[in-house]
Participant: 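This is the structure I have questions about; it appears just below.
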Amino acid sequence: MSEIPDRTPMPSADLAGPGPPTSPADPAGTVAPNVPPSSAASAPVLQVRGLVKRYGRVTALQGADLDVEAGAIHGLVGTNGAGKTTLLRIVGTVLRADAGAVSVMGVDALAKPSAARLLLGFMPDFFGVYEDLTVYEYLDFFGAAYGLEGPARATRIPELLAHTHLEGKAASDVQRLSRGMQQRLCLARALIHRPRLLLLDEPASGLDPRGRAELRDILKALAADGVAILISSHILSELADMCTAVTIIEQGSVVASGPVDTIAPAARVRSLSARLAGDPTPWLEFVATRPGVDGVAVSATGTVEIRFAGDLAAQARFVAELVEAGVPLAALEAPRALEEAYFESTQGLVT
Amino acid sequence: MSDPVGRREVGREMSNPFRGFAPLFLRELKGQMRGRRAPVTFTVYLALMVVVLAGVLLVADSSGAKGDPTVGQVLFIAMAFTQTALILLLGPVFAAGAIAGERERQTFETLVSTRMTSGGIVFGKVAGAVGFLVVLTASSLPLMALAYVFGGVGPSTIFAVYGWDLLLMIWVVSLAVAASSLVGRTLWAAVITYVLVFLAVFMTGFLEVVQMSLRSAALDGAAQNSAPSVFFLYANPFSGLWELALPGAREELGLETALRSFTAYGGAWHAAVSAGALGLAVWAVSPLRRRWARPRLA
């Protein structure tokens, strides 16, 4: 098999860049990677199998498996110490694995890390910047570090600055940028060589709400362009807003992985928060005697906390019943599927 | 637009063990020249050289040696030894943070996750620091050339001394980069390098004195007149300088029959140590080497 496989054909995109040329007359076709399209089109961008990492007696990863498809934003969720960063660092080829296999578009990243680095961009959880450089010089340096020639860098850098909303900052010193801008600059750095897999370790930490929203929009645009994104975070609401799939990891083991909807358990006891117009007290007994309701309590803020056992269909019937009975239901909040899945799957254990 | 990272380019660069050398070298040199450190270093360095120059001229003037060609030789020797001493002092300052500084700034993982090889990173760092020292010492070339004006020193001697200093720059920077890649802190890397330089400068002289004392006590008179061994002095960074700056001094001391050239053997020693240090640094910088570090989990 070729060491450098083909890149998955992609739509023309600003951030990810164009896919390999299809016309034989295209001179760029002589330099574009080329492997049988069948394997590139169907296989996940990232495949992790049986990944093991030990630090002395501590086993940080014990047989982790993971698939990330092209165009997916795949969340990596777990408590601190679960092994998220270790997994990302191994996939990012900056940490040695003790066992297992990592394949990035068919390239064995453990055996051929240099080849894999062409295909992935890595943004570590704690990252610094060269404060003695300007924004343009910073990206130019990393462009050269990835082997981009001068003209390619001159084209690529303005593109990245525009898409990470840093277009007016090219001549600014990196040290004068805000935290959010540095975060976006680091993201631009990871994208400079048009990777097909983007690894982001807690990219939103330290960002204000606007910064997080901007980052989310950028990542969604990247995913729409076909880039596979593996992102770790323990801010579940943030991941729930953008992830198409998720892997939950605890004590170095994958406890659940797949599209968010499929890993949420079908039926369980969940806590619903109902806000009623007016005093809820007269309705408490009625609510408590409905099928599936396991307990009712009124919080200090007046919210009715309902422990409910049942799937989504049962929950829908329960809500309809309340409305038909005339319960002045102003709002009903249920936990998000990702949060449910996370708390259902984990016990808060760390290695 | 063509894909900037193509297969042909990859195939070419995959076999390059120094991939990333050029951009890192340029970045390092740029970084060294920016900020306040560079102008301060140049000012202090040149001020010290001027002080030495003025001191020698004042002494020569007061001792009535004005116009004597030996003034040029003394001037040159004083400035050459000062310059070499400054190189040994400043080398660790500019190289100890090469890798440790990347770790402290948390830029190391970003750097090694690119296509740069460990060799490219280490040699780029070494070249950046050596490049700065070369520019620094070149700035004193007009002062050194004054010795030529006074007479007694030829241009070949001046350039030979600069050549020796270049070797010492590579040596001290290699030691500092190796220390920097093995320890996580710039401060500790600098301390380790200074200890090694101290041992090379002073401990070799001490060991030589001890060795010669033991030798003279053990041998009879005839044997004592035979050529002494100066093995430890080969490791002294000033030995080659002494030989180059003072052509003929070795013969005057009666060491000619005993010694091979300090420049040749001492140069080979320093080159070998540099090569070993660089190999160690390349190994230590590789992110995928086996390591015994504390766990870092998240």
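Convention: sequence-line order gives letters A, B, ...; per-chain numbering from 1.
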Participant: Tell me, for B/Glu102 versus chain A, whether the close heavy atoms (under 4.5 Å) come from the side chain, the backbone, both or neither.
Facilitator: side chain
Participant: Using a 6.0 Å cut-off, check whether atom CZ of B/Arg105 has over 12 heavy atoms from anything other than its own residue.
Facilitator: yes
Participant: Would you indicate whether the side-chain heavy atoms of A/Pro124 and B/Thr110 approach each other to under 4.5 Å?
Facilitator: yes
Participant: Can you give me the closest heavy-atom contact between A/Asp132 and B/Gly31, atom names plus distance?
Facilitator: OD2-CA, 3.2 Å
Participant: Can you see whether A/Tyr130 has B/Arg27 sitting over its ring - NZ or CZ less than 6.0 Å from the centre and within 45° of the normal?
Facilitator: yes
Participant: Write down the atom of A/Gly147, the atom of B/Arg115, and the distance for their closest heavy-atom approach.
Facilitator: CA-NH1, 3.6 Å
Participant: Looking at chain A, which one of B/Thr107, B/Val112, B/Leu111, B/Leu26 has the largest number of heavy-atom pairs inside 4.5 Å, strictly under?
Facilitator: B/Thr107
Participant: For A/Phe141 and B/Leu24, which heavy atoms make the closest approach, and how far apart are they?
Facilitator: CZ-CD1, 3.6 Å
Participant: Looking at B/Arg34 and A/Glu137, is there a salt bridge between them, counting it only when a charged N and a carboxylate O are closer than 4.0 Å?
Facilitator: yes
Participant: Pick one of side chain, backbone, both or neither for A/Arg54, based on which atoms fall under 4.5 Å of a heavy atom in chain B.
Facilitator: neither
Participant: Which bit of A/Ile90 is near chain B, if near means a heavy-atom gap under 4.5 Å: side chain, backbone, both or neither?
Facilitator: neither
Participant: Identify the heavy atoms of B/Ser113 and A/Phe122 that sit nearest to each other, and give their distance.
Facilitator: CB-CD2, 4.1 Å
Participant: Please say whether more than 12 non-hydrogen atoms of neighbouring residues, nucleotides or ligands are located less than 6.0 Å from CZ in A/Arg176.
Facilitator: no
Participant: Is the shortest side-chain heavy-atom distance between B/Leu288 and A/Pro113 below 4.5 Å?
Facilitator: yes
Participant: With a 4.5 Å limit on heavy-atom distance, are the side chains of B/Lys30 and A/Leu133 in contact?
Facilitator: yes
